[in-house]
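Accompanying notes for the structure given below.
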Amino acid sequence: NIFSNACSLCFSKFMRLRLRRSIGHLVIIPTTIKIIIFLLFLTERSDVLQDILSKLKLLNHEHKVLSLQKILEISSGSLKQCTPREMEDLPCHFLRKLLASNVTARDTSLKQGSSVDEIQRGMDKEESIDDSIFFVTEMDMTVSVNPLDVLCAVLLCSDSFLQQEILSKMSLCQFALPLLLPPLETHTCTLMLWAMRDIVKKWRPLSMAESRGFKEESLVLTSMPTLSFVRIGNLTFSKSKLLNLFLSPSQQNHNFFIHQDMECGSIPRKIADGLVEVSCYFPGGEKDSDLFPEPVAVANLRGDAESHQVQFNFLTQVSSAVFIFAEFISEREYAFLSLLKGSSTQYYFILGKQSTKSKETLDLLNKLAPVLELNKSHILVKSDTINNVEFVGKLQPIARRIINSAPKIMSIQKMAAIARKCTIQVDEDSQECQNAFQCAKNITQEVKDVAVYKNNMLKLQGSIWKDLAKLEKELCRMESQGNMPLEKYRSELKTKLLELRKQQNRCELTTGLINFIKGIKNLNSVEKHYFLKWLKFNLDCIARENLSNLWAAYKEKYKTLGNDDQKIVEIDQLISSSSLGVEHFLRELGQFYEAEYAMVKEGNISEKKRQFGYFPSIVADLLLEGFPLELIDGDASNIPLQWITDVLTELNNKVKGQSKLMVITVLGVQSTGKSTLLNTMFGLQFAVSSGRCTQGAFMTLLKLTENLTQELGCDFILVIDTEGLKAPELSKLEDSYQHDNELATLVIGLSDITIVNMAMENATEMKDILQIVTHAFLRMEKIGQKPNCQFVHQNVNDVAAPRKTMRDRKHLLEQLNEMTQAAAIMEKLDRNIKFSDIMDYDPELHNWYIPSLWHGVPPTAPVNLGYTEKVFELKKYLFEVIRDRALEKSPQNITEFIEWVKSL
């Protein structure tokens, strides 16, 4: 009878909810029956999940087959910014917008037809305009899905690396991040620790306000107090809307959390109940405008806390304070909350307007007071006479008191241990992730001092490598030949070059490099991706600490010794060489490969005895899988030509000759947002850092879908990102000016399209660089190479900017023409030649004015919607340029690109 009644109750929607709230308290029902009821709940939840996945056309993706590599493929659809028409379009729409850091990515509204077309058709039928508009309004909006359901469904079907990118972009948009994913496929929640690993935050605590210093740390490693907000029962007001005001600086309200007054926010959630989101506030060091003096995390549990006891239990253990929203407190809620007795967490109640009229609620709160150590300040009433802004004005001081009272602080990484005790699975606990972590740890645990480590473990990148680079350049330029006969001088250079290669070849593989080779050679594909990510995270953490110490030393020396002291120069050089990343290990592989290749070529080593011949194949796989590859070594200002040639040759073999490509490069002065521009445009992961870490140029390969390949005549887009030019901290280093000019000449020479990126409307900062590269343009024009040039003016917010800067564009063109004519005289060409004769450049079409990146003041500001929309317009135009160029001339293939690199 008990079993029969339980089944009947389970099929009643109302009673299902009642049972779900109280299942933990059904102590009078035998354990077997409780298990049966629980399994029935799982079945129901599974049916709802299947329904959502079916509607979103994600049923085929349940086994994590939505991959970052696949999502980054460029299709004709990704070049259109339109509203989805069917529910099955929502996941793709969400991902494309999110990877472009578009703050409207969570909008899941569906549109049917065009409003203009519908109105026109109505008018053609002699219908009244009012009737036509009403008809369009009715037809335009259709039933959709709650944005949180779309998020949960997409995360469920994404592999770990796409999940990581999703959360990284959500963080840029200042969206609340999923901390605990509800139990969808399994009966346990998931802590999204790995998914947050890639997020790095910069902030200035109040203690650093005077010194103007700042902190930079991985989000998951940052210890901070957590304030959790949960509800019991239903509310007459929006908890999430209140939290948005709670976290928003004055005069700037941002929707960190989705709420019912947002577009599609009122659509009932199907699978997202039980989701715990977290949004972190980071101060900017402004006493008058900062809400809190130190970082603080705000967690928000979706759904009724009684129905999600595992999540609630977790939050009570990791939080400094838990704020409980409720309209009423009954005996059932009292029994539920009494279980918290002895908790070290502070509890606050936010009650609805009706609660003060309920004698039962007041009596039970009085009974709870000694259990949860409550006093009058722990109970707030949200009445109709006080609006949300005024209520938040009372809530924020309470939060500040909690933060200032030495509360429990905890990082997300430390939360993992508590999660496991609460039967919550942690996404990092997969065997593949842990295997890769151990491999990366074997390398990074040896790194104490970066400069010492590079000198001991990456020996081929020292002075020998720089001497080799100089000799290779001299072989091309013959600038120091003097009176020596040409062939004799060339022979001497080649002898010196070979001797340096012999020295390199005599070096043994170090333990660090051996462990790196094991990681990329022996691990399976997924473990290899994890390994490279772990290595990046660990090395970045070490580099941040090193850079922080070096900048502090630089600041002290500058104060006491001034700008001209030799010690300042020494610290500059340390800063320049303090970076250590995956690219340094790959660079070392390249040098071992080149040294061995030189020995084989000279006959000193037989082909059969080669140790490193398989290196290019491994790196070609990485390039094909979306990892950036260093093209130009910024330390030595050199391309390892044989290494790059053989990697690209292997790549050509792997794609079976289907390797036609167009090259897009970006060039600009340091800190003008070059990498951010490319990341926003293509959803890439080029390093963005406030410190002078990475140097040189890196290339990433983007695959085109089959339909776009046929339309554009190419298979790939090769995107090249370069280091910032004219870096102040490198201005005193040897050959820094020449290095910048060489880099600019080379990358523009490789391009089909060059984006020249400038901050504000000032073109003079590029004059020195362009003056040199016009020489290269002149020479390329002789052989039919005429790159397209786009000037991007960043941080221009005025809608009238194009008209206001007409004079600046005219002045820029005059400067470009002057430089071109001066270069033509030196090249002994027609002095009347213009810049547009050697570059595909139209001052009206090829100048872009893009608003500032942030909407507000970082670190709390989201990405500006105007920025992403303008970058998307530029992206669309670039593909129009590619389409037009492909009609004029067939794109080059990888083999031709290799030859062009050699020629340059």
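Note that this is a predicted model, so its numbers are computed, not measured. Heavy atoms only: backbone and side chains are in, while hydrogens, waters and symmetry mates are out.
For the pair L243 and V298, the minimum side-chain heavy-atom distance is below 4.5 Å. Proximity of P407 to Q346: side-chain heavy atoms (C-beta onward) are nowhere separated by under 4.5 Å. Residues C433 and W534 meet the side-chain proximity criterion, which asks for heavy atoms closer than 4.5 Å. Using a 4.5 Å heavy-atom threshold, the side chains of M410 and T226 count as separate. Between I542 and V450, some side-chain heavy-atom pair lies under the 4.5 Å cut-off. Here the side chains of L235 and E327 are in contact, with some heavy-atom distance below 4.5 Å. Using a 4.5 Å heavy-atom cutoff, the side chains of L179 and M192 are not in contact. With a 4.5 Å cut-off on side-chain heavy atoms, T222 and S411 do not count as touching.
D304 and H308 share no side-chain donor-acceptor pair at under 3.5 Å. R197 and Q413 share a donor-acceptor pair across their side chains, judged by distance under 3.5 Å alone. A donor-acceptor contact under 3.5 angstrom links the side chains of Q431 and N435, judged on distance only. No side-chain N or O of T860 forms a donor-acceptor pair with one of Y281 less than 3.5 Å apart. Using modelled atom types, one finds no donor on one side chain facing an acceptor on the other under 3.5 Å when comparing K270 with N146. Donor-acceptor pairing under 3.5 Å is recorded for the side chains of K533 and Q164. Side-chain contact check for E165 and Q685: at least one donor-acceptor pair (N or O, by modelled atom type) lies under 3.5 Å. Between the side chains of R544 and S218, not a single donor N or O lies within less than 3.5 Å of an accepting N or O. Donor-acceptor pairing under 3.5 Å is lacking for the side chains of Q163 and S158. Donor-acceptor pairing under 3.5 Å is recorded for the side chains of S171 and K201.
Minimum interatomic distance between L56 and A153 (heavy atoms only, all atoms of both residues): CD1-CB, 3.8 Å. The two residues L219 and C280 make their nearest non-hydrogen contact at CD1-SG, 3.9 Å. What you find for P183 and C189 is that their closest heavy atoms are CD-SG, 3.7 Å. Heavy-atom minimum distance, P295 versus P225: O-CD, 3.5 Å. Residues C264 and P147 approach most closely at O-CD, 3.4 Å, considering heavy atoms. E527 approaches A436 most closely through the heavy-atom pair O-CB, 3.4 Å.
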* To do: Step by step, work out the side-chain contact (heavy atoms from CB on, under 4.5 Å) result for I324 and I232.
  => CA-CA 7 Å; I324 301 169; I232 296 178; 3.8 Å; yes
* Evaluate the criterion salt bridge (Lys or Arg N to Asp or Glu O under 4.0 Å) for residue pair R204 and D290; output intermediate values, then yes/no. => CA-CA 10 Å; R204 178 177 291 129; D290 281 343; over 6 Å; no
* List the steps and the verdict of side-chain contact (heavy atoms from CB on, under 4.5 Å) for V392 and L242. => CA-CA 7 Å; V392 164; L242 205 65; 4.0 Å; yes
* Steps toward side-chain contact (heavy atoms from CB on, under 4.5 Å) verdict (L227, V296) -> CA-CA 8 Å; L227 307 179; V296 59; 4.0 Å; yes
* To do: Show the numbers, then the answer: is there a side-chain hydrogen bond (donor to acceptor under 3.5 Å, both in side chains) between D427 and S160?
  => CA-CA 8 Å; D427 58 358; S160 298; over 6 Å; no
* **Evaluation steps, side-chain contact (heavy atoms from CB on, under 4.5 Å), between L247 and S279** => CA-CA 8 Å; L247 283 168; S279 186; 3.7 Å; yes
* **Chi angles and distances behind the side-chain hydrogen bond (donor to acceptor under 3.5 Å, both in side chains) call for Q260, S238** => CA-CA 7 Å; Q260 60 195 23; S238 171; 5.0 Å; no
* Worked verdict on S240 versus R302 for side-chain hydrogen bond (donor to acceptor under 3.5 Å, both in side chains) -> CA-CA 9 Å; S240 296; R302 298 289 182 169; 3.0 Å; yes
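Between the E333 side chain and the S330 main chain, a donor and an acceptor come within less than 3.5 Å of each other. A donor-acceptor pair is defined here as one N or O able to donate and one able to accept, closer than 3.5 Å; such a pair exists between the side chain of K408 and the backbone of Q317. One N or O on the side chain of D149 and one on the backbone of A272 form a donor-acceptor pair closer than 3.5 Å. A donor-acceptor pair under 3.5 Å links the side-chain atoms of S67 to the main chain of K70, judged by distance alone. One N or O on the side chain of D159 and one on the backbone of L162 form a donor-acceptor pair closer than 3.5 Å. Looking only at distances, a side-chain donor or acceptor of Q434 sits under 3.5 Å from a matching main-chain atom of E428. Side chain of S338 to main chain of Y334: a donor-acceptor pair is present (N/O by atom type, distance under 3.5 Å, no hydrogens or angles). A distance-only check finds a donor-acceptor pair linking the side chain of Q174 to the backbone of P859 [under 3.5 Å]. Side-chain N or O atoms of H259 include none that pairs as donor or acceptor with a backbone N or O of K239 at under 3.5 Å. Formation of a donor-acceptor pair under 3.5 Å by the T188 side chain with backbone atoms of T423 is not found in this model.
If you run ring pair (Phe, Tyr, Trp, His ring centres under 6.0 Å) between F537 and each of F531, W194, F437, Y530, only W194 comes through. Of the residues listed (I379, L337, V371, T316), the one engaging Y347 in a side-chain contact (heavy atoms from CB on, under 4.5 Å) is T316, and it is the only one.
Going from atom NZ of K341 over to atom CG of L368 covers 11.5 Å, rounded to the nearest 0.5 Å. The structure places CG of D429 at 12.0 Å from CD1 of I424, a figure rounded to the nearest 0.5 Å. Between T511 atom OG1 and I443 atom CD1 the span is 9.0 Å, to the nearest 0.5 Å. The structure places SG of C152 at 9.5 Å from CG of D273, a figure rounded to the nearest 0.5 Å. The distance from atom CD1 of I199 to atom CG of L172, rounded to the nearest 0.5 Å, is 8.5 Å. Atom CG of L523 and atom NE2 of H529 lie 11.0 Å apart (nearest 0.5 Å).
The side-chain tip of R106 does not point at the ring of F94 from less than 6.0 angstrom away and within 45° of straight on.
The local environment of CD in E545 is sparse, with at most 12 non-hydrogen atoms from other residues, nucleotides or ligands closer than 6.0 Å.
Using a 4.0 Å cut-off between charged side-chain N and carboxylate O, R332 and E306 make a salt bridge.
Aromatic ring centres of F229 and F246 lie closer together than 6.0 Å. When ring centroids are compared, F312 and F336 come within the 6.0 Å threshold.
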